[in-house]
Every structure is written in structure tokens, then in C-alpha cells.
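The chain is numbered in sequence order, starting from 1.
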Amino acid sequence: MRPTAEELKHLAFPGLDTLRAVGALCVLTTHTAFWAGDYTRYGWLGTVMSRLDVGVAIFFVLSGFLLSRSWWLAAAHDSRRPGTGRYLWKRFLRIFPVYVITVAICYAFLAGNAGRSVGQLVSTLLLADVYTATSLPAGLTQMWSLSVEVAFYLVLPAVMLALVGRAPSWRPRRVALGLVVTLTVTAVWWLGAAYAIDDAIDAMPLQWLPGYLLWFAVGVGLSWLHTAEVSGRLSDVGRRVHALAERVAARPGALWTAALGLLLVSATPVAGPALLAAPTPAQSLTKNVLYAVIALLVVLPSVLGPRDTPYSRAMANPVARHVGLISYSLFCIHLPVLHFVMWSTGWELFEGRGLQIWAMTLVLSLAASELLYRLVERPAMRWRNLGSRRSPAPASTSTPTSDTSTR
């Protein structure tokens with residue numbers, strides 16, 4: 001018997017929680033390595049550390065997968081699609097409380113933000129700096145990706161409306177066309193449009209949503225494939241594609257090895273320089289596509305792979321999943337913590353001590369993230385059903401679920 005729509009809605013993907021932890025730790029590691037000067041100190045290994053920003057691609061694929069599921073389930077079971085207002089309210093509660101606190105800390109305590117105007121503060125709070133400035137405030141340089149993610153949140157209802165129609169329906173051709181359009185937009189953006197806009201205005205178009213649509217689309221497409229199979233909506237061709245994907249997903253060791261191999265490829269000049277020198281348009285597109293494939297390879301086993309294997313049990317480890325649960329706070333707070341580490345120790349930028357900087361930043365960031373999760377994230381999410389007819393459900397105090405968070 002196939003699961004009902006309600007059962008599918010609450011289906012958990014434990015490995016995705018752990019992958020959020022992997023993404024956050026990759027981002028933290030690449031930032032601490034840069035501050036230590038390790039990108040150039042360790043040759044090819046340093047270049048590989050510079051490519052750990054692939055963690056952002058993992059985040060975006062997970063967002064595309066998890067957030068689109070409600071629309072696909074509605075289409076598969078001919079039910080009502082998610083309300084846009086309720087969806088955006090939940091996204092607001094998920095993102096902004098911790099973000100606002102992080103901004104307040106950075107503006108209040110980091111010398112690099114001294115003298116910033118009220119207008120600049122408002123722009124930062126609205127995640128609009130990538131559209132209004134050419135640089136981000138101290139301690140908040142990682143937030144370009146959050147601006148991209150919030151832009152995706154805003155356009156997702158319209159994207160899913162285009163894919164499933166006003167009355168939710170199952171149209172695989174629309175999905176295929178949508179993926180082709182996404183790849184085309186991404187290619188056009190990196191091969192010309194982004195750089196033309198960059199030359200014309202004082203903003204950061206290389207950090208705008210069109211350049212990263214492919215990463216989200218990978219997650220949306222994977223979500224469609226999974227929902228179609230469990231809902232019995234696949235055609236003969238679709239079932240063959242899904243069967244192949246399942247066989248591949250059942251080999252997580254091979255997939256992670258392939259992902260590591262592609263990460264090494266991305267560390268070559270084909271994906272651009274390791275430092276802050278501008279890549280060519282072709283290098284930017286190459287890096288973007290490589291990261292999309294890497295993220296797909298590591299996400300696939302936790303979505304389509306078998307549930308009761310040593311790999312799936314390892315990915316469901318409670319400690320790893322908990323780090324994934326607090327990974328959004330970890331992502332937000334780790335750069336202010338890194339500033340604190342450098343200030344409190346008196347260590348200089350690019351002067352080494354990479355392992356010490358990484359360890360101190362990780363430990364302090366995990367502690368700060370735990371506090372933010374317990375004191376800010378969980379209380380904020382108690383408001384997620386405000387105005388709905390059903391009673392608000394208390395925030396979970398035990399096992400995390402993949403549906404509750406995308407970072």
C-alpha cells in the first residue's frame with residue numbers, strides 16, 4: 001500500500017539533517033582557512049580548502065528539495081497547494097530572528113562597521129546589501145548566500161505555480177522544461193549578463209539569485225522524482241530513470257568518492273582562482289555546474305538510497321543531526337566568532353595558525369549556536385501557526401526533522 005499524502009508530508013529524511021551540518025562545517029572551514037592564509041600556504045590542498053564553499057551549494061539543493069515537496073505532494077494527490085502567506089511567514093520566522101541578532105552583534109561590536117549609517121543598517125537588515133552596495137559589513141560577508149536564499153523563497157511560489165498550474169496537476173513535461181530554462185538562465189547569467197550588470201551598477205550581481213538557480217533546481221527536480229515515485233505518478237520512462245537513480249543512490253561510497261574527485265577538479269584553474277581575483281565567465285559557469293553535481297551526489301543517497309544500511313544509520317547519528325539542527329545559527333554566527341577569536345588572541349590575518357583558529361572558532365560557534373537555537377530559533381518557531389485555525393504545536397525538543405529547516 002502506498003503512503004497517504006499526509007504520511008508523505010511528514011516523511012523524514014534523517015541524512016539531510018547531517019548534510020546541513022556538513023554544509024555549515026564546510027563554510028566555517030573555508031573561512032577560517034582564508035583568514036589563516038592557508039589558501040596559498042598549502043598549495044593544492046589550500047586551493048581545495050578554498051572550494052569548501054561548496055557547502056553553500058549543498059544548502060541550496062536541500063532548500064530546493066525540501067521546500068518544493070509540499071507543492072509536488074499537492075499535485076500528486078490533487079489537493080490544495082500551500083498557502084503563500086503561511087509559507088512566507090514560516091520562512092520569515094526561520095530566517096530573520098537569528099539573522100537580526102547577528103546583525104546587531106556585528107554592528108555593535110565590530111570595528112569594521114563603525115560609521116555605518118542608519119540607511120546602511122536598514123539595507124543590511126533587509127538582506128539588500130547585494131543589491132545596493134559593492135561590499136558586505138564586517139562579520140556578515142557570508143550573508144550574500146542568505147540574500148540569494150531569501151530571493152529563492154520569494155520566487156518559489158511563482159515557480160511552482162508555473163510547474164504545477166493553478167489547479168495542482170502532474171505534468172512531467174513542465175518539470176523538464178523548467179530544468180532546461182533554469183540551466184539556460186544560469187548559463188546566460190554567468191557567460192555575460194552578470195558581468196554586464198556588474199560593470200553598469202554599484203551592486204553585486206554575481207551574488208544574485210539567477211546565478212544560483214541551477215543549485216535550487218537540482219533539489220526541486222530531485223524532489224519531483226522522489227514524490228512521483230512514492231505517489232505512483234511515474235511513467236514507464238520515469239520508472240526506469242528512478243530505478244537507475246536508486247541503484248546509483250545505493251552506492252554512497254562511490255558517490256562521495258566521485259564528489260571528492262569533482263571537488264579536486266574544481267580546485268584546478270578550470271573553476272577559477274582560489275583567492276579574490278575575478279574568474280572568467282567560463283570559469284564561473286564551470287564552478288557553478290561542478291558544485292551542482294557535487295551537491296547532487298552527496299544528497300542523493302539520503303533521498304533515494306535504502307533506509308537500513310550502515311551509511312543511512314551513520315547519517316542518522318543523533319549528534320550529527322543535532323549539529324544540522326543548529327546549523328543555521330552556526331552559519332550566521334561563525335564569522336562574528338572568528339572576528340572575536342582573532343581579536344582576543346591578537347593573531348594577525350594571513351599569519352598562519354590555521355588549525356588553532358579553526359578549532360577555537362568551531363568550539364565557540366557551536367556553543368553560541370546552541371544558545372541561539374534554544375533561546376531564539378525554537379521560541380520563534382512557536383509562532384509559525386499564528387492565525388491558523390489549529391492550535392500551535394510546540395517546538396520539537398528531541399529528534400530533528402528534515403522538514404523543519406533548510407539550513
Side-chain angles (χ1 to χ4, degrees), residues 12-32 52-67 90-103 105 127 139-150 152-153 212 215-216 219 291 294-295 298-299 302-303 314-338 358-359 361-381 384 395-407:
F13 300 88
L16 302 190
D17 295 316
T18 297
L19 285 174
R20 278 201 293 273
V22 171
L25 293 175
C26 283
V27 171
L28 181 148
T29 300
T30 196
H31 288 152
T32 55
L52 292 181
D53 60 345
V54 72
V56 176
I58 295 173
F59 285 144
F60 287 2
V61 169
L62 293 177
S63 290
F65 176 81
L66 293 169
L67 294 179
K90 290 180 179 179
R91 291 297 90 204
F92 173 84
L93 291 176
R94 182 71 185 93
I95 292 297
F96 277 94
V98 170
Y99 174 69
V100 169
I101 289 175
T102 306
V103 169
I105 291 171
L127 284 164
L140 299 169
T141 53
Q142 79 279 31
M143 296 303 183
W144 71 266
S145 66
L146 191 57
S147 295
V148 172
E149 182 135 15
V150 168
F152 173 71
Y153 293 165
Y212 303 94
W215 298 354
F216 292 109
Y291 280 15
I294 291 170
V298 301
V299 170
S302 294
V303 173
M315 292 295 285
N317 177 273
V319 175
R321 291 186 70 190
H322 185 74
V323 176
L325 191 65
I326 65 173
S327 62
Y328 173 61
S329 288
L330 180 63
F331 168 82
C332 286
I333 204 64
H334 78 276
L335 269 185
V337 169
L338 179 54
W358 177 83
T361 302
L362 177 61
V363 170
L364 293 177
S365 295
L366 286 172
S369 301
E370 187 68 30
L371 288 175
L372 285 170
Y373 171 70
R374 293 183 179 276
L375 300 179
V376 181
E377 289 192 64
R378 283 203 316 194
M381 290 308 295
R384 63 188 179 275
S396 172
T397 57
S398 56
T399 304
T401 61
S402 295
D403 291 337
T404 62
S405 167
T406 58
R407 275 211 178 185

**Request:** With Ser365 as reference, evaluate Leu28, Leu25, Thr32 under the side chain to side chain contact (heavy atoms under 4.5 Å, CB included) test and give the passing residue.
**Result:**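 Passing option: Leu28.
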**Request:** Please list, chain by chain and in numerical order, all residues satisfying side-chain contact (heavy atoms from CB on, under 4.5 Å) with Val376, sequence neighbours excluded.
**Result:**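 Applying side-chain contact (heavy atoms from CB on, under 4.5 Å) to Val376 gives Pro97, Val98, Ile101, Leu372.
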**Item:** 4.5 Å side-chain heavy-atom contact, Asp53 and Tyr291
**Value:**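 Sidechains of Tyr291 and Asp53: in contact.
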**Message:** Just verifying a value: how many Å separate Glu377 CD and Glu370 CD, rounded to the nearest 0.5 Å?
**Reply:**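 With rounding to 0.5 Å, CD (Glu377) is 10.0 Å from CD (Glu370).
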**Prompt:** Who pairs with Val323 by side-chain contact (heavy atoms from CB on, under 4.5 Å), at least two apart in sequence or on another chain?
**Reply:**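 Result, side-chain contact (heavy atoms from CB on, under 4.5 Å) vs Val323: Ala21, Leu366.
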**Asked** Listed by chain and number, what are the side-chain contact (heavy atoms from CB on, under 4.5 Å) partners of Ala368, not counting sequence neighbours?
**Response**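 Ala368 satisfies side-chain contact (heavy atoms from CB on, under 4.5 Å) with Ile333 once adjacent residues are dropped.
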**Request:** Identify the heavy atoms of Ser329 and Tyr373 that sit nearest to each other, and give their distance.
**Result:**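 Shortest heavy-atom separation between Ser329 and Tyr373 comes out as OG-N, 4.0 Å.
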**Asked** How long is the gap from SG on Cys332 to CD on Gln142, to the nearest 0.5 Å?
**Response**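 Going from SG on Cys332 over to CD on Gln142, the span is 6.5 Å.
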**Request:** Measure the shortest side-chain to side-chain distance between Asp17 and Leu325 over non-hydrogen atoms and say whether it is less than 4.5 angstrom.
**Result:**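 No - every pair of side-chain heavy atoms lies 4.5 Å or more apart.
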**Partner set under side-chain hydrogen bond (donor to acceptor under 3.5 Å, both in side chains) for Tyr212, not counting sequence neighbours** =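 So Tyr212 forms no side-chain hydrogen bond (donor to acceptor under 3.5 Å, both in side chains) with any residue.
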**Item:** Shortest non-hydrogen separation from Val27 to Thr30 and the atoms involved
**Value:**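 Taking Val27 first and Thr30 second, the nearest heavy atoms are O-CG2, 3.2 Å.
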**Prompt:** With under 30° as parallel and over 60° as perpendicular, where do the rings of Phe13 and Phe65 fit, or are they tilted in between?
**Reply:**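 Aromatic pair Phe13/Phe65 classed perpendicular.
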**Prompt:** Atom CE of Met315 and atom OG1 of Thr18: how far apart are they, to the nearest 0.5 Å?
**Reply:**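 These two atoms lie 5.0 Å from each other.
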**Request:** Can you sort out the partners of Phe216 under ring-ring contact (aromatic ring centres under 6.0 Å, His included), two or more places apart, ordered by chain and number?
**Result:**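 Only Phe60, Phe152 meet the ring-ring contact (aromatic ring centres under 6.0 Å, His included) criterion with Phe216.
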**Request:** Step by step, work out the side-chain contact (heavy atoms from CB on, under 4.5 Å) result for Leu335 and Leu338.
**Result:** CA-CA 5 Å; Leu335 269 185; Leu338 179 54; 3.7 Å; yes
**Item:** Derivation and outcome, side-chain contact (heavy atoms from CB on, under 4.5 Å), residues Ile105 and Thr102
**Value:** CA-CA 5 Å; Ile105 291 171; Thr102 306; 5.7 Å; no
**Atom pair CG (Leu364) and OG (Ser369), whose distance is rounded to the nearest 0.5 Å** =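 Rounded to the nearest 0.5 Å, the CG-OG separation comes out at 10.5 Å.
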**Shortest non-hydrogen contact from Ser145 toward Phe331** =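 Scanning both residues completely, I find the closest heavy atoms to be OG-CZ, 3.2 Å.
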**For Tyr328 against Ile95, the heavy-atom pair lying closest together** =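 Taking every non-hydrogen atom into account, OH-O, 2.6 Å.
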**Asked** With no hydrogens and no angle check, is any side-chain donor or acceptor of Ser147 less than 3.5 Å from a backbone partner on Leu127?
**Response**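 Yes; judged by distance alone, with no hydrogens or angles, the pair exists.
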**Prompt:** Which heavy atom of Arg20 sits nearest a heavy atom of Ser327, and at what distance?
**Reply:**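 Heavy-atom minimum between the residues: CB-OG, 3.6 Å.
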**Prompt:** What's the spacing between Leu67 CG and Arg91 CZ if we round to 0.5 Å?
**Reply:**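 It is 5.0 Å, given to the nearest 0.5 Å.
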**Message:** Whether the side chain of His322 engages the backbone of Pro318 through a donor-acceptor N/O pair (distance < 3.5 Å, no angle test) should be reported.
**Reply:**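 Not a single qualifying donor-acceptor pair exists.
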**Prompt:** With sequence neighbours left out, which residue pairs that include part of residues 56-66 fulfil the salt bridge (charged side-chain N to carboxylate O under 4.0 Å, His left out) condition?
**Reply:**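 Those involving residues 56-66 do not exist here.
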**Prompt:** How many angstroms lie between atom OH of Tyr99 and atom CG of Leu140, to the nearest 0.5 angstrom?
**Reply:**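 Tyr99 atom OH to Leu140 atom CG measures 6.0 Å (nearest 0.5 Å).
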**Prompt:** Are the side chains of Leu19 and Leu62 in touch, meaning some heavy atoms are under 4.5 Å apart?
**Reply:**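 Yes; the side chains approach each other to less than 4.5 Å.
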